[in-house]
Amino acid sequence: MNFVELIEGFIRQTREISLPSFLPELILTGTIVAMLLLRIASWNRITERAAQVLAAWLPLVGACLALAATTPWFYLSDSPPADLPNLGNVGQELFGGMLIYDPLTIYFRSFLLLFVVLFVIFTQLSGIPDREDAADFYTLILGSTIGMCLMASANHLLIVFLGVEMASVPSYALAGMLKGRRQASEAALKYAVYGAGAAGVMLYGISLWCGVLGTAHLPTLAVRLGEMLQAGTYTDRYAALVLGGLMIMVGLAFKLSAVPFHFWCPDVFEGASAEVNAFLSVASKGAAVALLLRVGLGIGYVPTSVPLAPATTSAARVDNGQHTKLAAATSEARATARLISSAKVSAAADKRQALNDALSPVRSFAAWLVAAVAAITCTFGNLAAYGQTNIKRLLAYSTIAHAGYLMMAVVPVLSQASLTSADASRQAVLGIAFYIGAYLFMNLAAFAIVAFLRNTFHSEEIATYGGLVRTSPGVTVCFIIVLLSLIGIPPMAGFLAKVLIFYPLVEGGHYTLLLIGGLNTVLSLFYYLRVIKVMTLDPEPEDRLPAHFSLVSLPGVYLVAITLPVVILGVAAGGLLEMAKAAAARLLT
Amino acid sequence: MNTAVALLSFIIFLPALAAIVVAFLPKDKPEAAKLFTLFVTLVVFGVTLWVAIPRDPASDSLHFALGQPDMQLSVGLPWIEAFRIEYLLGLDGISFPLVLLTAFITLLSMWTSWNITKYVKAYCVLFLILETGMLGVFIALDFFLFYVFWEVMLLPMYFLIGVWGGPRREYAAIKFFLYTLLGSVFMLIAILMLYFSSDLRQLATEKNVALFAAAHPHLSNDAGKDADGQPLDSPLMQKFKEVQASEHPWHTFNILALQQIGQHTNDAEWLERLRAGGYDGDKHPFDEAVFLGKSVQWWAFVLLFIGFAIKVPSVPLHTWLPDAHVEAPTPISMILAGVLLKMGGYGILRICYPICPAAGYELAWAVCGVGVVSMVYGAFAALAQKDFKRLVAYSSVSHMGYVVLGLGVWSATQANGFNPYYWEQGVTGAMFQMIAHGISSPGMFFLVGVVYDRVHHRNLDEFGGLFGRMPLYSGLAIVIFFAGLGLPGLCGFIGEVLVTLSAWNFSKVLAVISAGVVILTAAYILWTIQRVYLGPEYKGPHGDHLTPITPREVAIVAPLVVTSIVLGVYPPAMLDYLKPSVDKTVVELATWTKDVQPYIGLDEEQMEEAQEEEKAKTAALLP
C-alpha cells in the first residue's frame, strides 16, 4: 500500500462513513455559522429585528434537524438488525479512530440534542436570554453541545481533552451571561479558573499515559497496557500510569462536579441564571458520565473492533530495547497470515481474552477509585444541601449528589467488564442510560420551575415559596412530583432509575456501596422534603410580591409537558428502557 | 380471569380515580367533596364485602371461596418486561381479611372526617390516594408492585399529619416519613438481593411442576385446542417451557415464586444431594454468603424485618408512632392504628418467613424477643402516660407486640416431631390479633377524638365523671376499651390467648411474660376508665361543652362495638377466612424445617460434619 492509496482510502472512509455519521454535529456547526452571520444583518432596524427573531428560532430548527439526523428510533429499537448502516455489528471508528460511533454514542447524542430542543423552548418562554443576547447565548449553547457530543463519542485521548474544553469554555461565558450582576461575573471567573486548572492537570495526565504507552488511541492503549501487564515488564512505569490515571480523573471529576472538585458548582449555580444551571446540570453531567464510561472502558477493555493480529509487533515496539525480537515477531506474523482465517480469528479471540484478563487489575483499580469518589460525592452533596436557603444552591448540591449516584453505577460497569460477566456490566450501562434519561426531565423541570417562579416573584430564596400551594397549586404539584422523583419515590421515574442503578451493585457484589447509596436516599429526604414543607405547610411570606403562577399559560403548559414524562417514565418505562438496553447491548462484545 | 383483573383493579384504583375527580370539584363546596369521598369509600367497602359473602362458586366465580388455602382471583399482566416486573394481584386468607379491614376502617374514618374544615378538597384527594396505596399493598403479589404501593402511602400520610395535625404536626410528620423511608430503603436493598439471587428455572423442572403452578396461580392450566382439534399448550405450560428453555437465570419479583424458591423443600434435587451426603458447596442460591459471612437470606430477612418492624412498630423502632398518633387528626389516627400498623405484620408473614425460612429459623429468638420487649415496654409506657391519645398509642405498641411474638414463634421443632399445630395456633393468633386490634384501636382513637372535640384537651388527670354527663358514649367506650384489654367475649381475647398458648410451647419464659403483660394491660385500661369515665364529677376545663354523643358518632362507633363483640363471641366468623391459608403457610414451613433443620446456620465444614454424623447414624441402624 503506497502513500497515495493510503490517502485515497482515508478520504473514501471519511466521505462514505465518517462524515455521514457525523452529520448531527455538522448540522449544529452549520447553525452556529449561520447565527454568527446573522450578527452582520444590522444595517437597518427592520433587518436587525428580523435577525433577532431568527436568532431565537434558528437554534431550535438546527437542534431538531440534528436530532432527526441522529435517528435514535432507527438505531435504538428493541431488536435492531445485526448490521446497521455505518455501524457494523459493534461500532465504527470515525476519522481514523478519533471517534467511536456505536449505539451508546447515538443514545447520548440523542439525549443531548433532545435536551437542547427542550432547552431552547424553555429559554424562549422564560425570557433569558433577552433579544440582544439570543444569538450569542445560543451560539455558546450549541458550541458547548458539540463538545459534549465529542465527549460522548471520544475514542482518543486527544478528543477527550478537546471535548472537555469545547464543552467547558462556552460554559464559562454562559455562567457570566447575566451582565452587570456581580455574582454572575464572580461565578464565571471562578468557573474559568477552576476549569483551566482541572484541564491542565488532565492534560498532564494524558501526556503521561501517551508517553508511557506510546499512543493516545484508547483501544490501542488498552492493548499496550494489557501486553505490558501480561509480560510484567516496566514495573517502574506503573507509578507514572497510576499518576496519569489520577490526573485524568481530576478532569473528569471536575466535569462531574465530584468531591473534592465540586467547589465551583454551588457558586456557579447561584451566580448563573437558572436556565444556564439547567444546561450545566443536565447536559454537562450526561456528557461527563458518558466520557467517564468511555475512558474507563477504553483503557480497561479490549473490544473486538481492535484488530489484534499484528499486536505482537506493537508489543515489541514498546519494547524498543529488543530489536531482534521485533524482526522475529514480524516474520512470525507473516507466517500466521498464511494460516486459514478461522484459526486467525480464534487466535485473536484467545489473545483478546488473555489481554482482557491481564487488564483486570486496571479495571478494579479504576472501579475502586470511582467507588470512593462516588460514595464521598453522594454523601457530601446530600449533607451540604441540608443547610441551603437558596433554591439554586440547593439544587446544585442535589446535582452533586446525583452525580454520585451515577458514578456508583459506573463501578459495576468497570468491575464486571470481562467476558464472563459482561451482561452485568451492560446492565449497569443500561441503568446509567435510563437514569440520565429520567434525570433530563426531572432536573429540567426543577430548573424551569425555579426560572418561572423567579419571573413571578423576583426571588430565588426557598422562603419565598412559603404557602405556594394556596396561591399557585398547579406549579406546586409539579414541583412536588419532581422533588419526589429526585428523592426516588415511586411511582416517579426517579425511583425506577434508582432501582436500575442499585441493581447492578447487587449483581457486582458491591454491598457497601449499595448501603451507602441507600442511606443517602434517606439523607436526601431531609432537604427535598423541606422544600415541599415550605411550599405546603408554611404560611405565605409577607414580603412576597402579590403574584401567582398559573398553569394556564405558555410556561405552565410547557411545565406540565416536561413534568408528565417524570410520572409516565415511572409507570410505563418501556420505550426509554428499550432504548437504554439497545444503547448498552453492543458494548463489551 | 379478565373479570378478576377488573374486580381487583377496580378495588385498588377506584379511590385514585376518584381523587382525580375530587381535584376538579368546585372549591367552594367542601360538603360535596366529603360526600363524594364517603360514597367512594362506601363503594369500595361494599365491593369487598360482596366478594366476602360466601356463594355457590358455580354460579359466580367472583367471590372469595372459604376453605380454600391458595391464592384466589389472582391475575397477572406484564408491566415492565425488561425486568419481568408484573402487575400481579391476588387474594388469600392472609390478605383478604386485611383488605376487608382496610375498606371498613377507611369508610368509618372518612365519616369521622366530617369535622375537618381546613382545605377539605386537598384532604379528600390525599385520603383517597392513601386508600389506593393501602389496598394495593395487601393485594399486590409482585414484590416491585408491593414496594410501589408501600411508598405511595408515604406522601399522603405526611401531608395528612403535617397539614391537619396538632401543634407539633410538622415534627411528627417528618419523623413518620423518615422512619418509614429508612425501612423502605432497607427493604429495597433486600428486594434487589432476592431478585438477583432468584432463578425461576429451579422451579421449572419436571419434579417441581406443582410448585411452579403454585407460584403462578394466575396462569390457567386449561389447554385449549387449535382449529384442527390438536391440544395446545396451556398458558401455564407455555410459561413453564419458556422458563425451562432460558439460557440465563430467570430472575423474578413474583412473591409466590420467591416463596417456593426460598423454601428448600421445593428444590427436591438439592435436598436429595444433601441427604445423600453429596454436599459439594453447591448451595441454595439464597444461602450464598454475601456480606460479613452471612447469607443472602439472612441479610434479606434482617433488612426486611427492620422495614416491617418500623411499621409494626416494634421497640426500639417505635418512637415515630406516639408522635404521629398524637399529632394526627382523629380519622388519620384511626387509619394509622387500624391499617398501617398491620402492614408490618402482613409483610413479616407474607414475605419474611416464607421467602427466608432459614434466616427466620435462626433468628426466631430475636424476633420473639423483639415482640415480647415491645409488649412489656409498650404496656409500661402506657401506664406512665398523662395524655389520653399517647396512652392509646403506646397500647398499640404493646398489642402489636403480640403479633410479632405470634409470628416469630417457631414451634415446629424436632422436640415435638415437627408438629405444626402450636405454630399454626401462634400465627392464627397473630392474624386474629391484627384484625382485633384493627377494630379496637381505631375505636379507642375515635372515642378519644370525641371527647377531645368537646373539651379540647387530653390530660388524663383532668377528666372524670364522664359517665354522668355522656352515658351512652361512656358505655360504648367501655366496651371498646375492654375489647382492647382482651376481656373474654370480646375480640382482643382470642388473639392474645392463642399467641400465649403457642409461645408456651416455644419458650415458657416468654409465655409467662406475655401472659403477665395482660395484667399490665388491665392496669392501664382500668386505671384510664377510672380516671376518665368514673369519679364524681368532671374536673377539667370546658365542662359545659360535654354534650351527649351525636347520632353520627354513634353510627361510627356502633359497627366497631358490634364487630368486636361478634368476633369475640364467634371467632370463626374471621377464622374461617384466614385459617386455611395460614395453616398452609405454616405446614409448608414446618415441612421445610423437618427437611433441613439439621443443616441450618452451618458453614461448609460444619455441614459436612453433620452429614457424616447422619451417615454414621444411618449406618448404625442398617443391619
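Residue numbering restarts at 1 for every chain, and letters A, B, ... go by the order of the sequence lines.
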Measure distances from Y158(B) to the heavy atoms of chain A and classify the residue's part below 4.5 Å as side chain, backbone, both or neither. side chain

Between CG of L537(A) and CZ of R169(B), what distance do you get to the nearest 0.5 Å? 7.5 Å

Contacting region of L514(A) [heavy-atom separation from chain B under 4.5 Å]: both

With L155(B), the side chain to side chain contact (heavy atoms under 4.5 Å, CB included) member among I487(A), I480(A), I489(A): I480(A)

Could you pull out the closest heavy-atom pair between V506(A) and M193(B), with the gap in Å? CG1-CA, 3.8 Å

Applying a strict 4.5 Å limit to non-hydrogen atoms, the region of L182(B) in contact with chain A is both

Tell me, out of L303(B), L178(B), L154(B), I174(B), who's got the most heavy-atom pairs with chain A below 4.5 Å. L178(B)

For K27(B), is the NZ atom crowded, meaning more than 12 foreign heavy atoms sit under 6.0 Å from it? no

Contacting region of L515(A) [heavy-atom separation from chain B under 4.5 Å]: both

Given heavy-atom pairs under 4.5 angstrom as the criterion, report whether the side chain, backbone, both or neither of L188(B) touches chain A. side chain

Hey, are the side chains of E151(B) and L484(A) touching, using non-hydrogen atoms and a 4.5 Å cut-off? no

Do I189(B) and Y511(A) touch side chain to side chain, with heavy atoms closer than 4.5 Å? no

Between the CD atom in E81(B) and the CD atom in E578(A), the distance rounded to the nearest 0.5 Å is 8.5 Å

If you apply the rule side-chain contact (heavy atoms from CB on, under 4.5 Å), what do you find for F495(A) with Y147(B), and how did you get there? CA-CA 11 Å; F495(A) 166 68; Y147(B) 187 83; 3.2 Å; yes

For V148(B) versus P491(A), what's the shortest heavy-atom pair and its separation? CG1-CB, 4.3 Å

Any residues in residues 520-529 of chain A near chain B, with a heavy-atom distance under 4.5 Å, and which are they? T521(A), V522(A), L525(A), F526(A), L529(A)

Please classify the contact between W79(B) and chain A as side chain, backbone, both or neither, with a heavy-atom cut-off of under 4.5 Å. side chain

4.5 Å side-chain heavy-atom contact, I191(B) and V499(A): no

For Q427(A) and F83(B), run side-chain contact (heavy atoms from CB on, under 4.5 Å): C-alpha distance rounded to whole Å, both residues' side-chain angles, the deciding distance at 0.1 Å, then the answer. CA-CA 11 Å; Q427(A) 187 81 56; F83(B) 288 84; 3.1 Å; yes

Would K498(A) and V185(B) satisfy side-chain contact (heavy atoms from CB on, under 4.5 Å), going step by step from the backbone distance to the final call? CA-CA 11 Å; K498(A) 210 165 244 180; V185(B) 165; over 6 Å; no

